[in-house]
Number of protein chains: 4
Amino acid sequence: MKPDIIRIAQAIFTVSDLNASREFYVDLLGMNVLHEEKDALYLRGVEDREWTLKLEQCGEGETPRVRHLGYRVRDEQALDALVGLADEQKLPHRWEEELDRPRMLRLQDPFGIPVAFYHDVKTHPWLLQNYHQHRGPGLQRVDHCNVRVPDVKATLDWYCAELGFRVSEYTVDEQDAYWAAWIQRRGGVHDFALTNGAGPCLHHWAYWMPDAMSIIRTCDILAGARMPERIERGPGRHGVSNAFFLYVRDPDGHRIELYTSDYITVDPDFEPIRWLRDDPRRQTLWGAKTPRSWFEEASPMEAFGGGIQPAREGLLTGIPVHVI
Amino acid sequence: MKPDIIRIAQAIFTVSDLNASREFYVDLLGMNVLHEEKDALYLRGVEDREWTLKLEQCGEGETPRVRHLGYRVRDEQALDALVGLADEQKLPHRWEEELDRPRMLRLQDPFGIPVAFYHDVKTHPWLLQNYHQHRGPGLQRVDHCNVRVPDVKATLDWYCAELGFRVSEYTVDEQDAYWAAWIQRRGGVHDFALTNGAGPCLHHWAYWMPDAMSIIRTCDILAGARMPERIERGPGRHGVSNAFFLYVRDPDGHRIELYTSDYITVDPDFEPIRWLRDDPRRQTLWGAKTPRSWFEEASPMEAFGGGIQPAREGLLTGIPVHVI
Amino acid sequence: MKPDIIRIAQAIFTVSDLNASREFYVDLLGMNVLHEEKDALYLRGVEDREWTLKLEQCGEGETPRVRHLGYRVRDEQALDALVGLADEQKLPHRWEEELDRPRMLRLQDPFGIPVAFYHDVKTHPWLLQNYHQHRGPGLQRVDHCNVRVPDVKATLDWYCAELGFRVSEYTVDEQDAYWAAWIQRRGGVHDFALTNGAGPCLHHWAYWMPDAMSIIRTCDILAGARMPERIERGPGRHGVSNAFFLYVRDPDGHRIELYTSDYITVDPDFEPIRWLRDDPRRQTLWGAKTPRSWFEEASPMEAFGGGIQPAREGLLTGIPVHVI
Amino acid sequence: MKPDIIRIAQAIFTVSDLNASREFYVDLLGMNVLHEEKDALYLRGVEDREWTLKLEQCGEGETPRVRHLGYRVRDEQALDALVGLADEQKLPHRWEEELDRPRMLRLQDPFGIPVAFYHDVKTHPWLLQNYHQHRGPGLQRVDHCNVRVPDVKATLDWYCAELGFRVSEYTVDEQDAYWAAWIQRRGGVHDFALTNGAGPCLHHWAYWMPDAMSIIRTCDILAGARMPERIERGPGRHGVSNAFFLYVRDPDGHRIELYTSDYITVDPDFEPIRWLRDDPRRQTLWGAKTPRSWFEEASPMEAFGGGIQPAREGLLTGIPVHVI
Ligand SMILES: [Ca+2]
Ligand SMILES: [Fe+2]
Ligand SMILES: [Fe+2]
Ligand SMILES: [Fe+2]
Ligand SMILES: [Fe+2]
């Protein structure tokens, strides 16, 4: 039986200066501090009942990285099934724990992506209706992650076959090869997106926003703080997903997407939407071009044994023509 | 095995003057006509790939009513399971068909609510990204239905036990008796809500909106057309569901809710939220009182054998104190 | 020559508990403290270059009141002209000063309203583009005041004849008597509104908001803080002015309107818009009824010699039918 | 006495294909047709009580151009004063008429810009509260024009000295030479903007929008109609003016700005805001770069005697560094 994965649920980033990160995530983006330790901050959106982004101070001279991406699973059987899968496919795995999550299965998928799975979690009252406590643009809940991988098709096939993901949209190049894919467990557009390129690297980590105006306010806030350079791309409407979006970069270059207003994918006959890589409306429905950094920069990921997972080049070369 | 129900998906209303209804739903609310017949209109929101509201001209002197509420199911096995359930519980049922839905199981639930279930449906390209064709406030997709029933607890228990619904929120009176409940299959706040009162009657049929501003625009449009009296309640923010909402009444009094921005309920440890009936923030978080008509008026439902399903009084008497 | 009055610019309220007022205006509405004294707070919106609302702690047992409404004038000649007018019409007047305003002409108009006029003012850098410092809904700038007076027509005639105000909209009752009027100097819909009733009393003091969504957020914030009762009326769209609005009450009952999106009135052939008092769309374009408190409660105003200006009954009796 | 100019009020464009223009302005932007003739359309926003943009079919082979920019003046004396000015400064001028405007003074300013002034105009009921008739994004009223001129300082000095304009913001280059200026009569940020470059050419013609979301909807509508290439720049927040904006290009390349949410400038001590040309936040507060076409393309203007006014090069060379 396949493990029943509920949704993407958490990420852990290491950062070179926790105070600078706090200024960005807490003072400007208005994320909520659920817990604080000497060298770590546990953050969440106003709808999140648990921390969804942990920031850890990294060691002197260490490269900031993504320690893992974490999924919530339905029950302990799902964890058993994942251990079975890891054993069968000889995927490196071990049990770990984090604050509020006593039992997390950390494994490395066949493509080198560090993932964690957990069922048991201590939850906390949400802040959703405590509007007087919302600050900044009011990030709402974790929405999805996007990983740059060398072989989009192989990766997506594995997640669909072994973990029960379903494709909502995908992009092909002129040879009909998969350039990107958006896959989901939760009935939205995606929990996990894959983009062709050197990797595995985290391309971005995304939060759902209350509406487009809260995304506009994020731009105003960053500009008000004289940090317009933190705004990398957008705001705009995606062709893929139809969501309204903004990409910002944290002080270490980790990329955060603010995202809202996509659609639901629960119907059994839902047909994945196909895009051509060079369709001008694919990335931004309005035809806006994407800055080159958006294609070229991404966060390294932690290897199972420590250190950074070495990146392999993407199978497909070239980038979409709508780049500046 | 329980039937796997995907989501609430369609309703059929009869109306006394199809032209008046068309003006309301199409010209003012901007719903999209997918099909048109001499005596019927098949409408949808911009994200809907199928019709989600059918309006039928009713006969001379007939009372406008709700013919059924329809759910999409995962597969033919779900329909088999439903037939099994109907046989076992001696629920009246038969096969029906509608345009684009060749095989619909129509049954009457134990509480007299006419429901239909279907798997097979002909879908059509959506209009989601055809923004130049959106009109009026741009209703997006069917979201939920709300039925007034005499015994909220019995009804909700049956839907949870037999059809696998899960409770997201509920309201109790001062004796801790269930006054209302919100139950779901799709991972949102609800596909189906139950409110104490004479019934079964449809309290309202709801569409998801792109954002709060599109709901504000609906008010402006109805006022612009000199029909402010079609606006019954709102706009406002619900305490229950946290959604931004508006209730409008069509020319026959059928109530439509425009609704946006609730939250997700997919987590396995999601704990239903409990409200007291007379909490001022329950119905409208901002404390606004609800007009009496909202409690007292609802649409009759069609009996299995034709005619109108007789209504029984609600088990609980009285209405919330926040009424005007 | 008529005094050249630029715009409504400031108000001074006395309050019974400055800390409670601070919580309301600063912590919840997000107004900005420009200066602070032991017994006074000087507040402004993000576009205001000067304080626009001063709150003064009132003495033990004193009734909170409005000390004056203040207008900015073009130059010292305007002040001379006002002194001339006051002398000629025997209006009580004297020179006063306030922080940042060294020379303010305080007078009592023929209807007992305490008004102040100033030209010279120390301004401060605005906060308009310091979006990272905006808090709460982000009140933008002072927009208008609304005073309840016994004789709307006489009051409006005097302001137009002596101070050069122009009428943008007005309301008449079934005998064609003036029930309310909106008059302006600045080219917007109004600096000053007059409503029939016992007075003079300040009905409300209004701030311009960035957009309708910031007004919606105000409701959410007050509800989040468990103070829904501070929301008295709205949100909604006015028929008069076409503005989107919300009325809230401060801890002493002083009424604040948040207001946005009206229209311009600069054209020389602008024709005042006439409304019937009982038109359902006049107060709220959407037909919503107005709570009785909105008609019955208002803030007393300070008499020229100290104490509270006695109120006379309104010439017209009765209130609009759209009341609850 | 200086002529009392109220505000920028109208423009006349010639277009190469009136049907294509109609599709753009009426079907997509949702502008309202006030009058229609065989070879001309008279358009307005929902708040405009008169036509504000006239489109004329141009002759075979003619280059589409701007026939004039028109200002509303306070009275006939203002027209007399303008004739006096034109006589004194030997500015070419004549009386013209247009539909609804029987007596328009057409003159050519010292910089070759074709301007018209009128007092008398037939007005029509506005559509502001006829929300059910608004289409597309709902353009509200004419806001300003922007002209590219060779000598910004000389032009702005003349408009201020002779026509009573006041400066709200201006941009200087590294030698402190004027690169751009925003000047106004109406109490807003500008009726008229000047940008250094070859000219005189119309850079853009701007409409006020109800809010930022209506500007976002414009992008969605143009993208929905598969015309993303009509979107040239934005949406974004201007540093100058603080307005939310979008620039679109009509089928002949005439540039339209949609603009909302600036600030007021009525105070007598208002101090113009100074920007450096290469400040990254000046053009778009969020730091977004401007496409090169925005600097290089503009609409030719009609010469007084017919034909196109020859353009002279801008005094300052180079363009802002934030260009792509
Ligand atoms: Ca909005
Ligand atoms: Fe994403
Ligand atoms: Fe509902
Ligand atoms: Fe007001
Ligand atoms: Fe402009």
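Just so it is clear: chains get the letters A, B, ... in the order the sequence lines come, proteins before strands, and each one is counted from 1. All heavy atoms count here, side chains included; hydrogens, waters and symmetry mates do not.
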- Tabulate, in ascending numerical order, the residues of residues 159-169 of chain B having at least one heavy atom closer than 4.5 Å to a heavy atom of chain A, or enter 'none'. none
- What part of A:Tyr131 gets closer than 4.5 Å to chain B, counting heavy atoms only: side chain, backbone, both or neither? side chain
- Note on the structure: Assert top hit (heavy-atom pairs under 4.5 Å, partner chain A, pool B:Arg7, B:Glu271, B:Arg186) equals B:Arg7
- Message: I need the contact set between residues 69-82 of chain B and chain A: heavy-atom distance under 4.5 Å, sorted by residue number.
- Response: B:Arg72, B:Val73, B:Arg74
- Short question: side chain of A:Gln129, backbone of B:Gly239 - any donor-acceptor pair under 3.5 Å? yes
- Check whether A:Arg185 gets within reach of chain B through its side chain, its backbone, both or neither, counting any heavy atom under 4.5 Å. neither
- Side chain B:Gln140, main chain A:Tyr263, donor-acceptor under 3.5 Å: no
- Of the non-hydrogen atoms in B:Pro210 and A:Ser261, which two are nearest, and what is the gap between them? O-OG, 3.5 Å
- Side chain / backbone / both / neither for A:Asp120 at chain B, heavy atoms under 4.5 Å: neither
- Value rounded to 0.5 Å, distance of CG in B:Asp211 from CE in A:Met213: 10.0 Å
- Item | Residue pair A:Thr123 / B:Phe270, side-chain heavy-atom distance below 4.5 Å | no
- Task: Considering only heavy atoms and a distance below 4.5 Å, find which of A:Val121, A:Ile6, A:Asn242 pairs most often with chain B.
- Result: A:Asn242
- Rounded distance [0.5 Å steps], CG in A:Asp262 versus CD in B:Glu47: 8.5 Å
- Atom pair CD1 (B:Ile264) and CH2 (A:Trp208), whose distance is rounded to the nearest 0.5 Å: 9.5 Å
- With a 4.0 Å cut-off, would you call B:Arg49 and A:Asp267 a salt bridge? no
